[in-house]
Every structure is written in structure tokens, then in C-alpha cells.
Amino acid sequence: MDMRNYPAEPFRIKSVETVKMIDRKEREKVIKEAGYNTFLINSEDVYIDLLTDSGTNAMSDKQWAGLMQGDEAYAGSKNFKHLEETVLDVFGFPHLVPTHQGRGAENILSKIAIKPGQYVPGNMYFTTTRYHQEANGGIFVDIIQDEAHDAALDIPFKGNIDLKKLERLIEEKGAENIAYVCLAVTVNLAGGQPVSMANMKAVRELTAKHGIKVFYDATRCVENAYFIKEQEKGYEDKTIHEIVKEMFSYSDGATMSGKKDGIVNIGGFLALRDEDLFLAAKELVVVFEGMPSYGGMAGRDMEALAIGLKESLQYEYIRHRILQVRYLGEKLKEAGVPIVEPVGGHAVFLDARRFCPHLDQEEFPAQALAANLYVESGVRSMERGIVSAGRDIKTGENHKPKLETVRLTIPRRVYTYRHMDVVADGVISLYKHKEDIKGLRFVYEPKQLRFFTARFEEIEK
Ligand SMILES: Cc1ncc(COP(=O)(O)O)c(C=O)c1O
């Protein structure tokens, strides 16, 4: 690999947190006690934590300074005004409803925009998003292009919506039975895959003909914008800010988890164009989150988010971010480790089907792989496969997603390339004795979002 292709960190490290590595014997004990679920491991027992990029970001000195300027008034906080102005400037949305994190916004949007029995097409599901859609009577329909379900296929903009699927759904069910289109930029569970500007524009044109609204999941929209600048013709000379603004010009609003591209540790929002929907959202936010001028956030957290959103648009920042993730992916690929291709924006996804061909999907290969990677290396990752997909709300059967993956998610501005080398070494070393990975069975299966708290045991054969 030519390191000249990978930019050095565009920041100085001002504050550090010491980590320690416990030995393999202790890690074996820890994972057993955690029921083979990496969510249940204590952070202190983790060496490199790639569980998630959510809320695990390092804030800048300016954001920390922003915390000190928190206006914690119950109503009319000046930080709300700053966040409102920032959201208008970055995304072009005039109406803002702050929430405690992304799922708070998903809850409110689902309640105001879905009538029971309506369909909610989306480019692959996300766990909390689909939960709120279904809990409010919506019927989720996956309209991502088929290629996104093929882990080994290396094509650009793999997160695109299949317009024919959308058109067919509108024809079959009638526009009035479609609540809205939910378009995620990027698509987390497909491997952090981006959506092209051309696709967003086409979705807008098609839905406008039928009077259907489009709401984006904006969680990783800046990462998506980088891919557009890098790979879509006509955008090479545009700024990340210009690209983000154009992306959202094709939508009616968005839910956002600020914990990702907002580069903060907590927070999120619902942003809307429509005045009536905004009024409906404000009526609900007071029930579920708080006063409309703080929702679920402290004044100081709104300030940090406003600053973080602006920082995320800096080209040097986002270029380093995407290329650091790609560096890890390329290292693994070079060693023959099967990963989801192309490498997406926030994570490298190991393809557990090809990593553990000796395990049946009902033996939870990705869950087992994540548990074994922790024992091998002290690196914490996350299952994104059959366990995360949960059960069909009607039949009670397991959803069986084609993608059975382990996500190595890179927090923003936290780790260096050398950390990525250590992660790669751990994965490669495990790959060399992958046959030792045993399948798992549930000993405790929660009814909702089971991946967070489920417990397993190894299947002895
Ligand atoms: C694509 C996507 N949408 C929504 C969410 C929900 O956001 P939050 O964790 O802030 O509730 C997440 C992260 O968990 C996500 O990755």
C-alpha cells in the first residue's frame, strides 16, 4: 500500500485517554460473562473500540469551548438559535426540532407522517428507523437496488434507490397509501454505501409527480457528500457544503443523529420544510422530548452540535475521515479477508458469510465473529446481520438478511493509522484460524431491538 494516498491527521491531539489491553485469558472470561454480545462488554475491558461511530467522536477545542457557552434557559436558549441558523445554512431547512438523538426524531416523524397501514419505502432498513415506522402502523418496503445486497460487488453509489421498485410500489399500492420515501445518506447496513446526486434528483422527480414526500436520514450525509465529490461527474469542483445543500434540496425534511456527522457525543434533530408538519412535530416534542427550543438537548450540547456540523464540512476533515476508513479496508482486502465492497464511509464491514462458511446463518456467524475478534485482539466490533435484523412483526420468523456482517466502525478524530494497523493484524490473525469460531444460540432474546441486550452461549458440536 502506498501511504502517500492516505492523508495524515488534519488535527493536533490535545487531550488523551489512556487505554489498556487485558490478556487473552481475561478477554475469554469477559466475553463469556457478556453473553457473547459485544454491547455488554465494559469499555474498560476494550483496547480499540470500534463498536460504533455513534457519539464516540472527539470534539474539537472550539466545541469544548462552546459547551461553556451553554444557555440553559428552559425556553428561548441562544444555542437553539445558533443551531437553527446552522441547520438552515447547512441543509436549507427553516424548521428545527431538537431531539435527544436520532431515534427521538424518528419517533416524531413516524407519528406525524405515517397513517396506520401506509407503506414506507426506504433504501434498506435501519434498526431504530424501521422500529418507529412499524410501531406507528407503517409497512416498511426495501427499495434499495438489488446490488446493495451483494457484499462482494464493488460498484459506486451502491446505496441508490431502485426507481423501478419505487414506481412499481406506487402503481400497485397507490400514491395515497405511501406515507413518504425514507432515503438514507449513507446506507449504514449496506456498508455505509452512498447515494448519488442523480439518484436523489430522480427520486424527487418521481415522487413529486405523485405528491409523495421524501424525508432523508441525514445521519451520515457529509460522508455521502464526500463520495459525490470524489466520484460523481460535475461535482469535483463543488465544496462539501454546496453538495450537502443540493442533496437536501431534493427532500422535504430530515431526521439526524448528531452523534455521527455532527461530531458530538449526544443529540439529534428533525428538520422540516413544511409549516403544518412543523406545528404537528412541535405538539409532540413537548410530550416526548421537551420544550421545542431544546427538545431533548442541553443548551451546551446544541452549541457543540452547531459547531460540529460546520466543522464536518471542512474538506480536509472529511477527506481524512473517509480515507482512514478506506485504509483499513484496503489492508484487509490485501490480506484476502472478505469484506463488503466498496469500503463505505464510516466502517469496514467483514463479510461473515465468507469469513465463517462453516456456520449456518441461524448459528449467528457475525455475532460469533465479533465475539471471537474481541478475544483475539481486544478490538470491539458489532454484529450487523440476522441478530440485528430481528423478527418479522407478523410471522415472528427471523428476518434473514443477505448481508451477514461485522462492522468495524471508526470513531471520528479518535484513532490513528497505527491503530488501524493493529485492528487489521487482529482480524488477519483470526482469519487464519477461522474454523475455530463456534456458532451461538440465544439464552436471552429481547422482543425489541434484540441486538443491544441479547445473550448467547456457544454451540458445542
Ligand atoms: C443510519 C442511522 N439512522 C439512525 C440512527 C439512530 O440514531 P441515534 O443512535 O442517535 O438514535 C443511527 C444510529 O444509531 C443510524 O446509523
Side-chain angles (χ1 to χ4, degrees), residues 38-39 50-57 97-110 120 122-135 140 142 144 148 158-159 161 180-195 215-225 227 247 251 253-271 285 288-289 295-297 301-302 304-305 308-309 312 321 325 340 344-349 381-384 387-390 401 403 405 407-412 448-453:
T38 51
F39 277 97
L50 307 188
L51 180 73
T52 175
D53 63 329
S54 181
T56 53
N57 307 305
V97 181
T99 56
H100 70 286
Q101 56 183 79
R103 68 199 71 180
E106 291 166 357
N107 176 35
I108 293 172
L109 178 66
S110 301
V120 191
N123 51 346
M124 208 173 260
Y125 83 103
F126 183 71
T127 53
T128 57
T129 321
R130 189 178 69 190
Y131 172 81
H132 284 296
Q133 290 165 355
E134 290 181 345
F140 166 77
D142 187 4
I144 202 167
K158 219 172 160 184
I161 280 182
Y180 57 87
V181 173
C182 176
L183 199 159
V185 283
T186 60
V187 186
N188 186 351
L189 291 186
Q193 305 296 341
V195 177
F215 294 106
Y216 287 9
D217 179 340
T219 296
R220 296 185 181 83
C221 59
V222 183
E223 292 170 5
N224 199 104
F227 285 106
M247 285 164 58
S251 77
T255 55
M256 169 117 194
S257 169
K259 302 171 72 175
K260 283 78 163 178
D261 276 358
I263 332 186
V264 288
N265 305 121
I266 193 70
F269 57 80
L270 169 64
V285 77
F288 290 104
E289 304 276 331
M297 294 175 77
D301 291 328
M302 290 191 280
L305 178 53
L309 280 171
S312 75
R321 157 88 182 138
V325 175
V340 174
H346 66 302
V348 175
F349 287 66
S381 57
M382 181 201 290
E383 191 263 9
R384 277 302 182 216
V387 178
S388 292
L403 293 179
T405 64
R407 195 179 74 178
L408 301 164
T409 340
I410 317 301
R412 294 166 186 77
Q448 320 292 358
L449 301 176
R450 61 188 184 179
F451 56 96
F452 283 127
T453 52

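Excluded from the calculations below are hydrogen atoms, water molecules and symmetry mates; all remaining heavy atoms, backbone and side chain alike, are included. As the structure lists them, so they are numbered: ligands from 1, and atoms in each ligand from 1.
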Could you tell me whether a side-chain N or O of Tyr216 sits under 3.5 Å from a main-chain N or O of Cys221, the two making a donor and an acceptor? no

Can you tell me which residue among Asp53, Asn188, Thr219 is in a side-chain hydrogen bond (donor to acceptor under 3.5 Å, both in side chains) with His346? Asn188

Hey, is ligand 1 close enough to Lys259 that some N/O pair sits below 3.5 Å? no

Minimum distance, heavy atoms only, to atom 2 (C) of ligand 1: which one of Ile266, Asp217, Thr128 is it? Asp217

Distance to the ring centre below 6.0 angstrom and angle to the axis at most 45 degrees; does that hold for Arg103 and Phe126? no

Would you mind listing which atoms of ligand 1 come within a distance below 4.0 Å of any non-hydrogen atom of Gln101? 8 (P), 9 (O), 10 (O), 11 (O)

Below the 3.5 angstrom mark, is there an N/O of Thr186, backbone or side chain, next to an N/O of ligand 1? no

Atoms of ligand 1, numbered as shown, that sit under 4.0 Å from any heavy atom of Arg220: 1 (C), 15 (C), 16 (O)

Pairing residues for Phe215 by the ring-ring contact (aromatic ring centres under 6.0 Å, His included) criterion, not counting sequence neighbours: Tyr180

Of the protein's non-hydrogen atoms, which lies at the shortest distance from atom 5 (C) of ligand 1, and what is that distance? Phe126 CE2, 3.4 Å

Flag if over 12 foreign heavy atoms under 6.0 Å of OH, Tyr131: no

Between Arg321 (side chain only) and Ile410 (backbone N and O only), is there a donor and an acceptor less than 3.5 Å apart? yes

Taking only residues at least two apart or on different chains, which pairs with a member in residues 253-262 satisfy salt bridge (Lys or Arg N to Asp or Glu O under 4.0 Å)? Asp261-Arg412

Counting from 1, what ligand 1 atoms have a heavy atom of Glu106 closer than 4.0 Å? 3 (N), 4 (C), 5 (C), 6 (C)

Below 4.0 angstrom from a heavy atom of Arg103, which ligand 1 atoms are there? Numbered from 1 as shown, please. 7 (O), 8 (P), 9 (O), 11 (O)

Looking at Lys260, which atoms of ligand 1 are within less than 4.0 Å of one of its heavy atoms? 7 (O), 8 (P), 9 (O), 10 (O), 12 (C), 13 (C), 14 (O), 16 (O)

Is any N or O atom of Gly102, backbone or side chain, closer than 3.5 Å to an N or O atom of ligand 1? yes

Distance col, row Met382:CE vs Thr405:OG1, nearest 0.5 angstrom, shows 10.0 Å

Just to confirm my output: which protein heavy-atom neighbour is closest to atom 10 (O) of ligand 1, and how far is it? Ser257 OG, 2.6 Å

